[in-house]
Every structure is written in structure tokens, then in C-alpha cells.
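The sequence lines fix the lettering, A, B, ..., with proteins before strands; numbering per chain opens at 1.
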Amino acid sequence: MDVSVSYNQEKTAYPGIFGWIFSTDHKRIGVLYLLSIATFFIVGASIGVVMRLEMLTPGQTIVQPRTYNALFTVHGVIMIFLIVLPGVPSIFGNFFLPIQLGAKDVAFPKLNILSWWLYMTGALIAVAGLFVGGGAPDTGWTFYAPYTLKSATNIVMPLFGAFILGISSIITGLNFITTIHRMRCPGMTWNKMPLFAWGLYATAWIQVLANPIVGITLLLVIFEKVFDIGVFDPSKGGDPLLYQHLFWIYSHPAVYIMILPGMGIISEILPTFSKKNIFGYKAIAYSSMLIAIIGSFVWAHHMFTTGMSDIARIVFSFLTFLVAIPTGVKIFNWLATLYGGSIEVKTPLLYALVFIFQFCIGGFTGMILGTLSTDLHVHDTYYVVGHFHYTMFGGLGFALLGGLYYWFPKMFGKMYSEKHSRIALGTLFVGFNTLYFHMLIMGWLGMPRRYYDYLGYFQTLHVTSTIGSWILFVGIFYMMGNLIHAGLKGEKAQANPWGGTTLEWKISSPPPTENFEEIPEVVYGPYERKGGQE
Amino acid sequence: MNQDHHPCVIGYQTHIIIWLGLLALTALTIVVAGMHLKGLSIVVALAVAACKCSLVCLFFMHLKYESFFLKTLFLVTILLLASFIGLTYIDIFFREGVMK
Amino acid sequence: MKAFSPIEKHQDYTGAKMGLWIFLFGELLLFGAMFILYSVFRHWYPQDFHNASRSLNMITGTVHTLVLLTSSLTMVLSITAIQKGNKKLCLTFLFLTILLGLLFMVNKYFEWEHKIHNGIYPGSEFLLAQAKGVMVFFSLYYSMVGIHGLHVIIGIVLLSWIFWEVLKKPDHHSRWDAFLHKDFPGCHLAIVDAQGKEVWKGEVFDDSVKQIHLRVSYHPVKERIHFHDFISLENCGLYWHLVDMIWIFLFPLYYLIS
């Protein structure tokens with residue numbers, strides 16, 4: 001095979017779109033995920049805008065209370081299960097993990113495309129569930145028993161969809177673990193592996209080990225609704241708190257599934273644009289594992305107000321604080337990487353800096369929520385909503401976009417306009433902070449979440465927040481338009497436009513189907529700039 | 001890390017002996033269950049089940065002949081499950097005024 | 001031959017096995033979550049669990065256990081057989097395993113049928129009139145044993161597929177594809193022996209040849225059976241043993257606590 005043919009130009013056994021959806025090429029699968037996730041993101045974001053519109057005035061503005069309940073449920077389900085959970089591992093993990101390891105593909109290419117098919121199946125079942133039966137669920141994305149058991153809306157299909165999405169996630173996880181263990185190129189020891197791969201590795205373990213727990217929990221809820229069993233239903237002797245335990249045993253570590261690979265992206269961007277080696281490679285790498293481990297033991301901090309035992313509340317509050325340590329280790333090492341570097345300010349670096357700023361706000365508010373006494377005050381208020389949007393969107397979302405801007409030239413072989421990218425980022429930044437920072441303030445003042453109505457006292461803050469949502473929405477379309485334009489009409493990108501040192505920058509843009517003509521051999525660390533590396 | 005270790009072929013006999021052991025343990029657990037040991041019987045039942053599982057795992061699943069890495073991972077998984085149970089129980093044991 | 005790249009995926013025996021083990025760890029936690037539920041409810045309702053367990057027949061449970069343990073034995077024997085190069089024996093043991101799996105399911109069917117006939121099933125009037133612990137016991141019993149049964153069914157399907165795969169082997173195929181190579185015109189395909197002498201040769205290519213697909217089938221003799229080729233058999237075996245392991249715990253927890 002002529003190795004110079006790039007992956008997206010190559011002739012395949014199937015024509016047109018079938019050459020993509022039946023492809024086992026990890027790069028094509030990554031692009032498939034990118035397109036599917038972007039589509040769902042537009043839907044989820046639009047629902048968010050509608051919710052903010054409802055909050056423009058007190059009382060009913062545009063939707064019925066019941067519709068509002070459905071809106072925040074569907075917004076949560078789409079954003080969590082369809083976007084941030086698969087997000088970075090499925091898009092960039094698929095595309096870049098094998099290349100960064102110097103391999104030709106992942107360990108199980110067929111399972112890889114199967115995971116995309118499962119993702120689409122799960123997503124379609126979940127989305128179809130909104131329109132059939134009792135209509136869109138109104139329980140919140142957490143599907144807490146016992147309300148979920150009583151609600152007349154269509155809960156079963158979204159739950160089953162989420163279950164299938166879980167299987168897809170497990171398959172991706174075990175694929176990555178095996179790939180990282182078995183397919184690193186000669187010379188690439190664990191301590192010479194790019195930090196993005198480390199992030200994926202930690203994530204993959206959570207995906208494999210924690211996901212089955214929520215899978216079976218959701219399945220049991222389905223059984224409760226369909227077969228009348230009663231393990232979570234108190235009227236049948238069950239215990240709703242056990243649902244919350246099992247749900248969060250997975251869903252809290254899931255937060256780290258989302259954020260760890262995002263942190264990996266930041267660890268790639270910073271040394272590239274600082275033109276120097278990363279500071280504290282091992283600290284960053286091992287802190288990923290530490291976050292994954294400690295993060296698995298903090299789940300019940302979501303349940304401080306539920307009637308859980310006092311001892312459990314104190315223990316989980318304490319464990320929650322421990323997570324801040326490895327996270328802090330990462331932040332300080334990133335800052336130290338920037339220190340003394342010859343910094344080249346380009347869009348991806350700006351995204352990384354915005355990530356650090358916003359993620360710090362998300363992290364610190366998380367500490368406030370992890371404190372038992374303050375949590376009792378702000379639990380189930382807009383403070384929580386603001387907090388997790390700062391971590392998930394302000395953190396992970398901006399890391400994902402940063403990764404997209406960082407790797408876009410490599411993925412599609414085209415350059416985007418630097419000027420327009422910066423304008424887009426500026427709009428996103430202003431919109432995001434206008435939208436969510438006011439939520440933090442409202443929550444602190446006592447505005448409860450998931451209410452379609454509010455006291456006139458909060459109106460100024462709500463209006464400001466809604467205006468932020470418009471700015472953010474414009475920013476999202478500006479950003480997408482900028483990238484689509486670049487993909488269609490952009491200048492051809494060089495193999496290594498940023499001067500990156502990891503293996504993906506040593507091959508042409510876009511990468512050839514086989515990635516490497518010959519499997520490379522690694523001598524230096526991933527971010528070392530010596531020994532003939534430009 | 002890349003050397004493929006070839007599994008040593010384990011004879012038919014070994015497996016049949018293990019199977020007989022499993023049957024014996026099954027008999028044991030049934031006998032003990034009939035002896036009305038009160039609180040102890042669940043402990044014995046779980047211990048016997050754990051023994052049986054170890055036999056299946058070590059010999060039938062060849063874990064005994066697998067790499068150190070896989071053995072460690074197996075233990076880590078069990079440990080993880082144990083921690084999940086333990087942390088759930090700090091709620092269950094100390095929860096007040098329910099389910100009595 | 002540099003222009004040709006074999007389509008055949010790289011065979012990584014250790015990797016394939018590692019992948020399956022990781023999957024099994026996930027399965028352990030899946031059942032582990034249900035065992036957490038079981039232990040909590042048992043902690044809350046010891047007496048109800050004790051009473052409810054009476055309606056489960058210990059003999060049936062013991063038969064289940066014996067059938068599954070024996071199927072595990074035949075499964076592992078079939079792997080030993082293939083490692084020793086005895087394909088026929090391997091297939092025999094595999095067949096026995098599938099049969100025992102089916103027997104387990106039939107046995108299970110009659111057990112459940114009997115129960116449901118007697119009005120003991122989740123949501124039944126009989127159960128709703130019972131103590132809460134009894135209701136939870138049967139909720140858990142049906143969920144855990146049901147999901148275990150689902151795993152047995154999946155295992156039977158997998159084993160039947162693998163039976164077919166082993167039966168087909170060692171008819172082994174390799175495929176090489178070459179696309180768009182500029183050196184094609186003027187060449188011809190040939191098979192050469194060890195000395196480089198042409199044994200067979202095809203026609204000279206013209207410009208129209210853009211792709212070459214080469215497909216080789218070979219039939220290794222008995223001595224060439226290699227355990228690497230049977231990784232899927234071993235992996236199915238691992239899965240089957242896991243299902244057995246889960247039952248080893250389910251049996252005393254449900255059938256032996258009365």
C-alpha cells in the first residue's frame with residue numbers, strides 16, 4: 001500500500017459513507033465520534049438555551065413546568081451520557097492514542113467500531129424514548145429512585161440507552177488498556193509515554209471497573225419498572241439510598257473519566273507552546289492514577305443531605321478533600337512548565353490557559369461543596385449547577401476544544417484562521433463566565449436548582465445569566481463555523497505546525513492510513529527537545 | 001513486556017482432580033448448612049465458596065500460570081470491590097432509625 | 001513484497017487474553033454491585049431471608065451447581081485437548097459443555113416455572129402480602145439468578161459459535177492487499193519455490209491493474225495446530241468459568257440459608 005495516502009483519502013472496500021461507518025481505522029472512528037458528538041452537542045446546547053429563556057422572567061415564560069422538568073432531564077442526559085462521558089477518549093483517544101504510542105491501530109480494531117455502533121444505538125434508543133410512550137423523562141439525569149419508579153414518563157428507554165452506552169464505554173476502555181500495555185513502540189517505556197496517554201490509561205480503568213456498577217443499577221431500575229421487583233422501592237422493602245450509592249459509585253468517578261483525558265490534552269499543549277520540556281512529568285503522570293484511585297472512593301459526597309449516617313458523611317467529606325491534592329499537583333506543574341518557557345501565544349495555548357482559570361474556579365467551588373457544613377447550605381442550589389458547569393464545560397469542554405484546535409491541522413490537514421479562532425474563544429469565554437458565574441452567586445443566595453419559577457429578587461442575576469447563554473451560543477456557532485470553514489477552505493497544514501515533539505507530529509498531516517511506514521523507536525522522553533528533535 | 005509466555009499445557013488428570021475437589025467442597029457446604037451453626041454458617045459458606053472460586057480461578061482459568069501483572073490486577077479488582085462494600089457499610093451500619 | 005501489506009491483523013495472544021480478563025474484571029464488579037445489595041438487605045432482614053429461602057429447593061440448587069461445575073471441567077478439558085493437538089476430543093468436550101449449559105437452563109426453566117405457578121414472583125399478590133424482607137429476597141433472587149442465566153445463555157451462544165470455528169479450522173486464510181502501486185504495469189504475479197524458480201506465473205499486467213488481492217488458504221496438519229490460533233476458544237472458556245464462579249456464590253447465598 002502506498003503509505004503516502006492519507007487516511008481520509010484512502011480507497012476502502014465500501015463506497016462513500018460506508019467506508020467510514022464500517023471502517024476499523026482508529027482515525028476514521030475518531031472522526032465519526034467527533035461528528036456524532038458535535039451533532040448531539042448542538043441539540044443539548046439548544047435545550048440549555050431554551051431553559052435559560054424560561055428563566056428570563058419569574059413565573060411561566062415560554063414552557064410549562066412539566067416541560068421544564070423534561071428539558072433539564074434531557075439536557076443532562078444528552079450532555080453527560082452522549083457528550084462529556086465518551087468525549088475526549090472516543091474522539092482524541094481513538095485518533096491519537098495509537099499514533100502517540102507509535103502503533104498502527106488499537107489492539108482490537110473491530111471492537112473499536114463496535115463501540116461506535118453501540119454508542120449510536122444507545123444514543124438513538126435514548127433519544128427515541130423522548131418521543132414514544134409517556135414522553136421525555138422528568139426525573140433529572142440522575143434518575144433517582146423512588147420518583148423514577150413512580151414517574152409516568154418514558155424512563156425505560158433512556159435508561160436502556162444509557163446501559164448500552166455503558167457497554168460501549170467499557171469496550172473503549174478495555175481496548176485502550178490493552179493497547180497501552182501491548183502496543184507501545186520499542187523504547188517507549190511507561191515513563192516515556194505522552195501524558196495524554198497516561199490520562200487515557202487512568203480513565204480507561206475507571207471505565208472498565210466502575211461502569212458495570214451503574215450498568216447493573218440502571219438495569220435493576222428497568223426491572224423495577226417492567227417486572228415489578230423492588231430493591232429500590234421502599235414500599236416493597238427496598239432502599240432508595242442504595243440506588244444513590246450504586247449510582248454515584250460509578251457516576252462520581254465518571255467525572256474523572258471526563259476530566260482526566262482533558263487534563264492530558266492540557267499537558268500536551270503546554271510544553272508544545274512553551275517550547276520546553278514539561279515540568280514534573282512523573283508527578284503529572286502518577287497524579288492521574290492517584291485521581292482515578294481516590295476519585296473512586298468519594299462518591300457519597302453527593303448524598304450529604306439524604307439521611308446517610310453521620311460517620312459516612314464525615315469520612316466521605318474527608319476523602320473528597322484528598323482529591324484536591326493530585327489535582328493541585330497538576331495545576332502547579334502546568335504553571336511551572338510555562339515558567340521560563342519561550343511562549344508562543346496561539347489559540348490552543350489560550351484554550352489551555354482558559355481551562356486552567358475556569359477549572360480552578362470549578363475545583364475551588366468543589367471544595368466548598370465537599371465541606372459538610374457548607375454543602376448543607378448550598379446543596380441542590382444553583383451553586384451546584386454553576387460548580388459542575390465550571391468543571392465539566394469550563395474545564396473539560398474547553399480542554400476538548402483546545403484539543404480540537406491543537407490537533408485540527410493534524411486530523412484534517414488544514415489550518416484555521418488564527419484571528420477568527422481568537423474571536424471565537426473570546427466570545428465563548430465571556431459568554432461562559434457571564435452565564436455560570438452568576439449561577440454561583442444565585443446559588444449562594446439560595447436559588448434552588450430545577451425550579452422553573454423564582455422570586456423577583458433573583459431576576460437581575462437570572463437575566464444576566466440568560467444574556468450570557470446567548471453570547472455563549474453565538475460563540476459555539478462562531479467556533480464551529482470557523483472550524484468547518486477551515487476544513488473546507490483552509491490552507492494546507494504542515495506536518496508539524498506547532499513544533500510539537502510527540503510522535504503524531506512526526507508523520508504527515510493528515511496521517512497516512514498505516515500511521516507509520518516503519519514502527520518508530522523512541523529514545524527521548526515525549527517532550528524532550530534535544531538529540532536532533534526540532 | 002512483549003515476550004509471549006507460552007502456557008504450559010496442564011494435563012487432563014489435574015483438572016479432574018480439581019473437579020473432584022470442587023465436588024467435595026460442594027458437599028461440605030451443604031453438610032455445614034444443615035448443621036445450624038447460626039451466625040457462623042454464613043461465614044463457613046462464604047469461605048467454602050471463596051475456596052471453590054480460587055480453585056476455578058487458579059486452575060480452570062489458568063490464573064496460576066498467568067503473568068504477575070494479571071494476578072495483581074485480579075487482586076486489585078477484588079480489593080476495589082471490597083472497598084466499595086466497606087465504604088457503603090459505613091453508611092449502612094451507622095444509619096439511624098431506618099429499616100428496623 | 002514490500003508493496004504488499006498483509007491484511008491479517010497482528011495476532012497478539014497475550015493481548016487478546018488481557019483484553020478478556022479486563023472485561024471479566026468488569027463483570028465481577030457488575031455482579032459485585034448486586035452482591036452489595038444482597039448483603040445490605042440480608043443485614044437488615046436476616047429472619048425474612050431465612051424464611052424466604054425455605055421455598056427454594058436445595059436439591060434443585062445442588063443439581064444446578066453440579067451441572068455447572070461439570071461443564072467447567074469439560075470446558076477446560078476441551079482446551080487441554082486442543083493444546084495437545086487433539087481436535088476431535090476438543091470438539092467432543094466442547095459439545096458436552098454446551099449440552100450441560102442447556103441442561104442448566106432447562107433445569108432453571110422448570111424451577112422458575114414451578115415458582116411462578118405457585119404465585120411467587122415479583123409483584124404477585126402472594127408476595128405483596130408477605131413481609132418486606134421476603135419481597136426483597138425474591139426481587140434479588142429473580143434479578144441475580146436471572147442475570148446469571150442471561151450470562152449462561154450468552155455463554156452457550158458463544159460456545160456454539162466457537163464450536164463452529166474450531167470445526168472449520170485449521171482451514172486458515174491469509175489475505176494480502178496492494179492498492180494503486182505505480183510499479184504494477186509490466187509485472188506479473190508468480191509463485192516461486194525456495195530456490196527462486198517460478199512454479200507458476202500469471203499474465204503481464206497492463207495499466208488497468210490498480211489493486212491486487214492475494215488470498216492464501218492452507219490446511220495445516222495435526223502437528224501444526226497452534227494454541228495461538230485458539231485464543232477465542234480459551235477466551236470463551238474464561239468467560240464460561242466466570243459464570244460458574246458467580247454461581248458458586250449464588251448457590252449458598254440463596255439455597256443454603258434456611
### Task
Count the heavy atoms of every other residue, nucleotide or ligand shown that sit under 6.0 Å from NZ of K71(B), and state whether that count exceeds 12.
yes
### Query
Are side-chain heavy atoms of W299(A) and T88(B) found at a separation under 4.5 Å?
yes
### Query
Taking it one step at a time, do F316(A) and D91(B) satisfy side-chain contact (heavy atoms from CB on, under 4.5 Å)?
CA-CA 10 Å; F316(A) 278 107; D91(B) 171 25; 5.9 Å; no
### Message
Any heavy-atom pair between the side chains of F93(B) and I311(A) that's under 4.5 Å?
### Response
no
### Message
For I213(A), which atoms come within 4.5 Å of any heavy atom of chain B: side chain, backbone, both, or neither?
### Response
side chain
### Task
Answer with side chain, backbone, both or neither: which region of I92(B) has an atom nearer than 4.5 Å to a non-hydrogen atom of chain A?
side chain
### Interface moiety of T77(B) toward chain A, non-hydrogen atoms closer than 4.5 Å
side chain
### Summary
Most heavy-atom pairs under 4.5 Å with chain B, out of S309(A), G307(A), A300(A), A210(A), belong to S309(A)
### Query
Contact part of I293(A) toward chain B, heavy-atom cut-off under 4.5 Å: side chain, backbone, both or neither?
neither
### Message
Could you tell me if the side chain of L209(A) sits less than 4.5 Å from the side chain of F84(B), heavy atoms only?
### Response
no
### Query
Quick one: does D239(A)'s side chain get under 4.5 Å of R95(B)'s, heavy atoms only?
yes
### Task
Just say parallel, tilted or perpendicular for the rings of H181(A) and F69(B), cut-offs at 30° and 60°.
tilted
#### Entry: Contacting moiety of Y89(B), where chain A heavy atoms sit under 4.5 Å
neither
